[in-house]
Amino acid sequence: GNSVTQMEGPVTLSEEAFLTINCTYTATGYPSLFWYVQYPGEGLQLLLKATKADDKGSNKGFEATYRKETTSFHLEKGSVQVSDSAVYFCALNPTQGGSEKLVFGKGTKLTVNP
Amino acid sequence: DVKVTQSSRYLVKRTGEKVFLECVQDMDHENMFWYRQDPGLGLRLIYFSYDVKMKEKGDIPEGYSVSREKKERFSLILESASTNQTSMYLCASSQTGGGTGELFFGEGSRLTVL
């Protein structure tokens with residue numbers, strides 16, 4: 001079946017450190033891949049997405065590349081800020097063009113200290 | 001600004017009570033979803049609706065029902081609340097088709113069942 005595995009947290013970094021949150025997936029066909037972010041006290045919001053192999057999604061300094069050969073979609077940021085403290089969810093849509101029933105990872109909590 | 005609004009941010013109910021969680025979206029989206037979010041388990045889909053009066057079970061529908069009488073409103077009903085339904089409940093909506101996978105989430109309703 002379809003599943004998403006992301007690194008367990010929590011992750012604690014100092015401001016300006018490099019961030020990687022690993023995400024791997026299992027899917028039949030050609031899924032779309034997403035990263036969502038949940039800031040404290042808020043709902044989830046889309047951070048970035050990629051719809052086909054080798055696509056790179058980027059937003060707010062975050063990047064992730066759709067790697068079909070390794071079935072991965074790792075989230076990276078070169079220099080994190082305190083305001084990046086949040087929970088990050090990797091997700092896939094297994095049906096291109098179909099219903100948007102996403103499959104989510106369990107989330108990784110990031111804390112950035114000044 | 002597009003919005004998904006959940007009627008109650010915090011609720012406290014007693015075991016056996018009937019609980020209604022309301023969600024309204026102003027984006028004219030066809031699809032609406034109810035998830036629950038629990039530590040260590042991530043997001044799990046309870047029910048999904050792709051049109052007025054249409055619904056589909058998600059991964060954990062037991063103990064829940066839903067109602068969608070109007071396009072903009074999707075209600076989650078706990079017929080007889082139990083302590084294991086203490087959780088954060090998230091409503092989301094999306095546009096049909098396109099495979100973009102972008103879900104718009106509300107801020108969540110934190111339910112405590114005593």
Side-chain angles (χ1 to χ4, degrees), chain A residues 1-10 21 23-25 27 29-53 55 57 59 64 66 73 86-109, chain B residues 1-10 21 23-25 27 29-51 54-61 87-110:
Chain A
N2 302 304
S3 67
V4 173
T5 303
Q6 60 181 105
M7 64 185 286
E8 293 190 19
I21 301 178
C23 172
T24 57
Y25 67 90
Y30 303 96
S32 297
L33 301 172
F34 310 90
W35 278 100
Y36 280 80
V37 58
Q38 184 180 32
Y39 297 106
E42 299 183 14
L44 279 72
Q45 56 186 273
L46 181 67
L47 180 60
L48 54 84
K49 66 184 179 186
T51 57
K52 62 182 188 296
D55 268 3
N59 187 23
Y66 188 147
F73 193 55
V87 181
Y88 292 82
F89 292 90
C90 186
L92 69 82
N93 180 346
T95 55
Q96 290 269 2
S99 66
E100 277 71 25
K101 282 194 288 186
L102 301 192
V103 176
F104 285 88
K106 293 184 178 180
T108 302
K109 184 176 182 180
Chain B
D1 203 12
V2 296
K3 210 160 182 184
V4 176
T5 304
Q6 295 183 228
S7 56
S8 304
R9 293 293 305 275
Y10 301 95
L21 298 179
C23 176
V24 176
Q25 50 96 2
M27 295 166 280
H29 284 166
E30 289 82 6
N31 303 319
M32 295 189 76
F33 306 79
W34 275 105
Y35 290 89
R36 66 178 280 179
Q37 181 179 13
D38 299 289
L41 298 177
L43 274 71
R44 294 179 292 169
L45 181 63
I46 305 172
Y47 266 98
F48 160 53
S49 170
Y50 51 91
D51 201 351
M54 306 302 285
K55 62 185 179 185
E56 191 172 312
K57 292 180 180 179
D59 300 316
I60 52 162
S87 187
M88 170 71 86
Y89 291 88
L90 293 170
C91 176
S93 71
S94 71
Q95 186 71 36
T96 291
T100 63
E102 182 163 7
L103 291 179
F104 294 83
F105 282 86
E107 293 190 338
S109 298
R110 185 167 292 282

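In what follows, every chain begins at residue 1, and chains take the letters A, B, ... in the order their sequences are listed.
A heavy-atom distance below 4.5 Å is found between the side chains of A:Tyr36 and B:Leu103.
In this structure, chain B has no heavy atom under 4.5 Å from any part of A:Glu8. When heavy atoms are compared at a cutoff of 4.5 Å, B:Glu56 approaches chain A solely by way of its side chain, counted from C-beta outward.
Heavy atoms of other residues, nucleotides or ligands lying less than 6.0 angstrom from CZ of B:Arg110 number 12 at most.
Counting heavy-atom pairs under 4.5 Å between each of B:Gln6, B:Gln37, B:Arg9 and chain A puts B:Gln37 at the top.
B:Leu90 approaches A:Gln38 most closely through the heavy-atom pair CD1-NE2, 4.4 Å. When every heavy atom of A:Phe89 is checked against every heavy atom of B:Leu43, the shortest pair comes out as CE2-CD1, 3.5 Å.
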